[in-house]
Amino acid sequence: MSTETHPPSVSLPLTNLLTLNEQELGQLVQQAGWPRYRTGQILRWLYQRRVRTIDQMTDLSQADRTRLTNTATIRRTTNCTVFRSSDRTRKLVLPLEDGLRVETVLIPDEDRLTLCVSTQVGCTLDCGFCLTGTMGLKRNLRPHEILEQVLTAQDHLDPDERITNVVFMGMGEPLANLECLSEAIRRLTNKTWGLGWSPRRITVSTAGLASRLKEVAPLGVNLAISLNATTEEQRASLMPAVHGIASLTTLLAACRRYALPPNRRLTFEYVLLAGVNDREEDARRLAKLIRGIACKVNLIPFNPFPGSLFQRPSDHHVLAFQSIVRQAGIDVFIRKSRGRDVLGACGQLGDIPRAPALTQIESRC
Ligand code: SAH
């Protein structure tokens, strides 16, 4: 038997086109000697038509498609698992290339269909009432992994459905991954080749990284701040990591300085924990703290998860809290809990060591 040896063949890994931003794709197009407009053509195929293969880019000649296929590919998510809640909320679990998983939640409500998107696997922070916090930070999501959640959710919609809003309130702290988030938002809002959404349909929620708030303003999106406490002590005990970065006083000062576009307002989120921050004096302090800020308040009654230490207040308590804040002249809403039976509600995303039987698995796509 001959033992011929061949030099190892050097094949460069294929570039996933979804990992490139507009400028990087422009360089690839230039290196191939193609006209500039080809960049926009390719981007439109990726984001507006959501193709999964280069071969589907039918306004490129067959020869050009073959050439592109020699160096590049499109790697979209496969094997996404969908859990359907009895209230029609759907939680999509997307596997990432390194084996980690990320969760995104589609929430239908009257004439709205909101997608709740994750920005990290796990979370930088350790808020005591949030399941994601117990995972620690596994890693930041890259721009294409953030956007992939939107693309996959769109692929999964019924023919008469359309996503009306995107909220970055899934796993992770968006402002701890702001650069990648900003690039994902550019692709969502670009009208020439991107999804073309108005930034007004997008909300970024932060636990309170005060010094970064000002970097959100140029994106033109809505900003929500998870306040959750009305004294420094309360916030330090409920949200220790973020409190270590910025106190409640520093955070509220940053909110007052925030450059709100005309006719827009901030949203303050407030998780209601029975006997902890849901008392009358908390409601009064909350109203006082945010007085004079153009804002509305969303109250979120606590959503329990396996092993959680807090209780959800009674509806009576929630309404009493709302009415005190309202009497101070503040617009205050109670966020409906959606998707709790598939652990798809606020604060319920993450790895569950002793997962209850999630029997509502609807499909894999
Ligand atoms: N890290 C960001 C976004 C993710 S959390 C932030 O803190 O804003 C999205 C919202 O869910 C936040 O307002 C958070 O306070 C709230 N939340 C977290 N855990 C919750 C739980 N178990 N029940 C109800 N709301 C929760």
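Nothing here was measured: the structure is a model prediction, and the numbers come from that model. Read the numbers this way: they start at 1 and go in the same order the structure lists the ligands and their atoms.
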Quiz item: Near Asn228, which atoms of ligand 1 are under 4.0 Å from a heavy atom of that residue?
Solution: 15 (O)

Self-check item: Heavy-atom gap Gly133 to ligand 1 smaller than 4.0 Å
Solution: no

Practice problem: Apply ring pair (Phe, Tyr, Trp, His ring centres under 6.0 Å) to Trp193 and list each qualifying residue two or more places apart in sequence or on a separate chain. | Solution: Tyr47

Exercise. Check the surroundings of atom CD in Gln23: do more than 12 heavy atoms from other residues, nucleotides or ligands lie under 6.0 Å from it?
Key: no

Quiz item: Which of the numbered atoms in ligand 1 are below 4.0 angstrom from a heavy atom of Glu173?
Solution: 1 (N), 2 (C)

Practice problem: Answer yes or no: does atom CD of Gln27 have more than 12 heavy-atom neighbours from other residues, nucleotides or ligands under 6.0 Å? | Solution: yes

Practice problem: Counting heavy atoms only, name the option from Gly172, Ser226, Ala207 that's nearest to atom 3 (C) of ligand 1. | Solution: Gly172

Self-check item: Identity and distance of the protein heavy atom lying nearest atom 10 (C) of ligand 1
Solution: Glu269 OE2, 3.8 Å

Exercise. Could you tell me the residue and atom name of the protein heavy atom closest to atom 22 (N) of ligand 1, and the distance to it rounded to 0.1 Å?
Key: Phe129 O, 2.7 Å

Quiz prompt | Any donor-acceptor pair under 3.5 Å from Ser198 side chain to Arg200 backbone | solution = yes

Practice problem: Considering only non-hydrogen protein atoms, determine which one is nearest to atom 19 (N) of ligand 1 and report residue, atom name and distance to 0.1 Å. | Solution: Gly347 CA, 3.0 Å

Exercise. Check ligand 1 against Ile300 and write out every atom of the ligand that is under 4.0 Å from a heavy-atom position of the residue.
Key: 13 (O), 24 (C), 25 (N)

Quiz prompt | Val271 and ligand 1 - part of the residue with a heavy-atom distance under 4.0 Å | solution = side chain

Quiz item: Which residue supplies the protein heavy atom nearest to atom 11 (O) of ligand 1, what is that atom called, and how far is it?
Solution: Cys346 CB, 3.5 Å

Quiz item: Nearest protein heavy atom to atom 5 (S) of ligand 1, by residue and atom, and its distance?
Solution: Met169 O, 4.0 Å

Practice problem: Count the heavy atoms of every other residue, nucleotide or ligand shown that sit under 6.0 Å from CD of Glu179, and state whether that count exceeds 12. | Solution: no

Practice problem: Look at atom 4 (C) of ligand 1 and say which protein heavy atom is nearest, naming residue and atom and giving the distance to 0.1 Å. | Solution: Gly170 O, 3.4 Å

Practice problem: Step through the shown structure and confirm whether more than 12 heavy atoms of other residues, nucleotides or ligands are within 6.0 Å of CZ on Arg88. | Solution: no

Quiz prompt | Whether Asn177 side chain and Leu141 backbone form a donor-acceptor pair below 3.5 Å | solution = yes

Quiz item: Would Glu281 and Arg285 pass as an ion pair if we require N to O under 4.0 Å?
Solution: no

